[in-house]
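Step one of this worksheet: look at the structure below.
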Amino acid sequence: MRRLIHIIFVAGLATAALGGSASAQDLRSADARAAARAATPAVIDMRSPDARATTGVPTFEPSAVAPPQVVRVSEDGFQWGDAGIGAAATLGLIALCGGLLLLLTNRRREQRVPRPVG
């Protein structure tokens with residue numbers, strides 16, 4: 001029973017390590033992200049013109065926002081550097097899980113009694 005608990009524990013740790021990065025991703029489509037950005041209200045300075053002129057601090061003007069620039073990158077094919085990083089991360093995760101498994105499993109070897117001669 002104790003061994004089963006250890007196996008479940010190690011499997012849970014491995015699952016948590018693999019699934020932790022998915023929570024930080026924005027899984028909405030590009031259209032949904034653009035609609036959410038467009039739905040945010042613009043910041044309007046509610047001070048009087050005299051108060052705005054005396055501070056000397058530039059305020060947000062909705063018309064002053066520059067449109068995003070699209071940068072096109074030519075694809076050269078397979079990226080060996082990215083593949084190497086992924087392979088190293090996978091190897092490290094396998095080594096970590098194997099080390100935890102060896103640490104948590106306590107194998108007791110049987111004490112064999114020698115057979116009597118004769």
Side-chain angles (χ1 to χ4, degrees):
M1 183 68 173
R2 186 172 180 191
R3 181 178 173 140
L4 179 64
I5 292 171
H6 287 308
I7 291 172
I8 292 172
F9 178 73
V10 170
L13 282 177
T15 304
L18 292 176
S21 63
S23 64
Q25 294 178 358
D26 188 6
L27 300 176
R28 297 179 294 175
S29 68
D31 294 334
R33 285 192 301 264
R37 272 186 258 131
T40 58
V43 177
I44 299 173
D45 191 2
M46 301 298 287
R47 298 179 295 169
S48 69
D50 294 331
R52 281 184 277 186
T54 59
T55 59
V57 177
T59 58
F60 177 75
E61 302 266 339
S63 62
V65 176
Q69 296 180 357
V70 177
V71 178
R72 299 200 185 263
V73 179
S74 64
E75 287 200 29
D76 296 338
F78 189 74
Q79 301 294 324
W80 284 100
D82 294 340
I85 291 170
T90 303
L91 186 62
L93 186 62
I94 289 171
L96 178 69
C97 290
L100 282 173
L101 186 65
L102 287 175
L103 184 68
L104 293 176
T105 57
N106 186 11
R107 296 174 123 189
R108 294 184 183 184
R109 295 198 166 63
E110 281 185 32
Q111 295 290 333
R112 291 192 178 198
V113 179
R115 292 171 55 185
V117 178

List the residues meeting side chain to side chain contact (heavy atoms under 4.5 Å, CB included) with S29, not counting sequence neighbours, and say none if there are none.
D31, A32

How would you list, by chain and number, every residue that makes a side chain to side chain contact (heavy atoms under 4.5 Å, CB included) with I85, sequence neighbours excluded?
none

For F78, the other hydrophobic cluster members (4.5 Å side-chain criterion, sorted by chain and number) are W80

Running the 4.5 Å side-chain criterion over Ile, Leu, Val, Met, Phe, Trp and Tyr, what cluster does L91 land in, apart from itself?
none

Side chain to side chain contact (heavy atoms under 4.5 Å, CB included) with L13: which residues, sequence neighbours excluded?
F9, L100

What is the minimum heavy-atom distance between V10 and L104, and which atoms define it?
CG2-CD1, 3.4 Å

By side chain to side chain donor-acceptor pair (under 3.5 Å) - contacts of R33 (at least two apart):
none

